[in-house]
Number of protein chains: 2
Amino acid sequence: MRLLVVEDNALLSQLLAKGLATAGYETDLLATAAEARAALMTTSYAAVILDLGLPDGDGLSILRELRHRKDPTPVLVLTARGGLQDRVNGLRSGADDYLVKPFALEELVARLEAQLRRPGQQLGSSLHIANLEFDLRNRQASIDDQPQVLSSRETAVLELLMRSKGRVVSKKQVEDHIFGLSGDVASNAVEVYVHRLRKQLSDKGAKVRIHTIRGVGYLIAEEKRDPV
Amino acid sequence: MRLLVVEDNALLSQLLAKGLATAGYETDLLATAAEARAALMTTSYAAVILDLGLPDGDGLSILRELRHRKDPTPVLVLTARGGLQDRVNGLRSGADDYLVKPFALEELVARLEAQLRRPGQQLGSSLHIANLEFDLRNRQASIDDQPQVLSSRETAVLELLMRSKGRVVSKKQVEDHIFGLSGDVASNAVEVYVHRLRKQLSDKGAKVRIHTIRGVGYLIAEEKRDPV
DNA sequence: TCGCGAGATTACGCCAGCCTTACAGCGGAA
DNA sequence: TTCCGCTGTAAGGCTGGCGTAATCTCGCGA
């Protein structure tokens, strides 16, 4: 985890770097608003610790710029300005937390970790194939970032296939996944759902194909279209 | 947005409820750890404001239980214990923020909103889908920049759907959001409000659809009209 | 080339879940 | 006081997803 610390007091920033290193974080130290701006344009950090009293500019405006371009990086504001209005302004500008100097390093770390813990940072809970995305958390499929309306059975089939991306899924597995233990399936229900799902996906323009492997099962993969 | 306030001081909790109402939040007030536990098992809130000094138990253990079952609801801890170690413990137990009494209501609201400002919905205090806009600050819906008159329940439903754009919202969530604990909803009220909201939106020309996913919930999305 | 069988496609009836409408109670405004 | 809009309830109608089954298609081996 790499953090950015923007603080012009050299002594304090050294102290921070040391304390954060002990807690298991690497840090980049910067002392001016200009440097911070540049760094935030090009590098992504797990979080930013931002002092407001910088020699060459207002720290708050950095924060506002960051938020203006929809950058969700957690920002913990650090400042000597302890007034209520300062704190409220800081938070309203998009800060995730606000700490008034002097503070205990331990509290800083605790607050930092409270921010890093927040969900939404943690990606990886969604699967992609071409322009098709499946959000495992909400069991929600999207094509080209457009959320799709699928029935619950269709969603179940798609979920299994996506989770097994790159592997073949047997019909029995699909059956178990859909019907669970109550599986009295006296029909070709699985085939029907695969069919319905295929139709949905192609209607909605997903560049994805569900291949049939005879006698084995199904396999989902990116659609390869031969050039004409 | 419905919040849960767990605070045994009746005077303070009344004050909080009033202040939060002014800021546009509905609140459920509870005074004991037992009640809070029960409520958090069955109802989902946008955030929880939790006092630690409860008569019948330790507030921190409620917090830990919540996190133990992976509930990501933002929790803002409120307490008279101002010691560093208390604050660090609170945050380490999974609190998202920590405020020491006495505090200014304004700071509470600012910190609360910093927490509510979560994935997707960055600072931009308004949400858009097609020509429909929802201003989170004043809870005001507009279509083609024309402010719309919606009843408070309709607004509540729309707010939840808009905040959850791209995700399916279950009927239970809508119910919690509208009624909170006060709700002995022995009817299909949610369906009725969704219906009324749909009517409003389509009458006013919003290019937005509220999809029904049977057995799951509702999903708001831009209206796609199939080309012939 | 033919025949077989796995899988694809289509059609259909059922029914839980949802939609729609109507209505009565409530509370604020005039 | 009356009026009127919002609210929650209830009843009944409707429909889309479900599972089944009949039929069609096509890959593959003989």
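Chain letters run A, B, ... following the sequence lines, proteins first, then strands; residues in each count from 1.
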Looking at DNA chain C, which of residues 200-207 of chain B put a heavy atom within less than 4.0 Å of it?
none
According to side chain to side chain donor-acceptor pair (under 3.5 Å), does anything in residues 53-65 of chain B pair up with another residue at least two apart or in another chain? List the pairs.
B:Arg37-B:Ser61, B:Arg37-B:Glu65, B:Arg64-B:Ser93
Which residues within residues 188-197 of chain B lie with some heavy atom under 4.0 Å of an atom in DNA chain D?
B:Asn188, B:Ala189, B:Val192, B:Tyr193, B:Arg196
Would you sort out whether B:Leu20 and B:Val109 count as a side-chain contact (heavy atoms from CB on, under 4.5 Å), showing the intermediate values?
CA-CA 7 Å; B:Leu20 290 169; B:Val109 172; 4.2 Å; yes
Salt bridge (Lys or Arg N to Asp or Glu O under 4.0 Å) partners of [X], counting only residues at least two apart:
X: A:Lys165; answer: none
X: B:Arg92; answer: A:Glu113
X: B:Lys18; answer: none
X: A:Arg87; answer: B:Glu107

Would you mind listing every salt bridge (charged side-chain N to carboxylate O under 4.0 Å, His left out) that reaches into residues 189-202 of chain B, with sequence neighbours excluded?
B:Lys171-B:Glu191, B:Lys199-B:Asp203
Any protein N or O atoms within reach of nucleotides 28-30 of chain D? Criterion: under 3.5 Å, listing atom names and distances.
none

So how far off straight is the helix from C:dT1-D:dA30 to C:dA30-D:dT1, going by the axes through five pairs at either end, to 10°?
40°
Can you check whether [X] has a side-chain N or O nearer than 4.0 Å to OP1 or OP2 of [N]?
X: A:Ser151; N: D:dG17; answer: no
X: A:Arg153; N: D:dG19; answer: yes
X: A:Ser152; N: D:dC18; answer: yes

For A:Ser152, check side-chain hydrogen bond (donor to acceptor under 3.5 Å, both in side chains) against everything at least two apart and list the hits.
none
Would you mind reading off the distance between [X] atom [atom1] and [N] atom [atom2], rounded to a whole angstrom?
X: A:Ile213; N: D:dC26; atom1: CD1; atom2: C1'; answer: 16 Å
X: B:Tyr218; N: C:dC18; atom1: OH; atom2: P; answer: 6 Å
X: A:Glu175; N: D:dC18; atom1: CD; atom2: P; answer: 16 Å
X: A:Lys171; N: C:dG5; atom1: NZ; atom2: P; answer: 15 Å

NE2 (B:His68) with more than 12 external heavy atoms under 6.0 Å:
no
What contact category does A:Lys199 fall into here, base, sugar-phosphate, or nothing, at under 4.0 angstrom with non-hydrogen atoms?
nothing
Which residue lies toward the 5' end of DNA chain D, B:Thr212 or B:Ile178, if each is placed at its nearest nucleotide?
B:Ile178
Taking side-chain contact (heavy atoms from CB on, under 4.5 Å) as the test, write out the residues that go with A:Arg163, two or more places apart.
A:Leu127, A:Leu136, A:Glu159
Closest non-hydrogen atoms of A:Gln200 and A:Val149, given as atom of the first, atom of the second and distance, are OE1-O, 4.0 Å
Would you sort out whether B:Ile62 and B:Val75 count as a side-chain contact (heavy atoms from CB on, under 4.5 Å), showing the intermediate values?
CA-CA 11 Å; B:Ile62 299 182; B:Val75 173; over 6 Å; no
Hey, mind stepping through B:Leu201 and B:Gln148 against side-chain contact (heavy atoms from CB on, under 4.5 Å) and telling me if it holds?
CA-CA 9 Å; B:Leu201 292 178; B:Gln148 298 298 314; over 6 Å; no
Result of checking B:Thr27, B:Thr43, B:Asp176, B:Asp28 against B:Arg2 for side chain to side chain donor-acceptor pair (under 3.5 Å)
B:Asp28
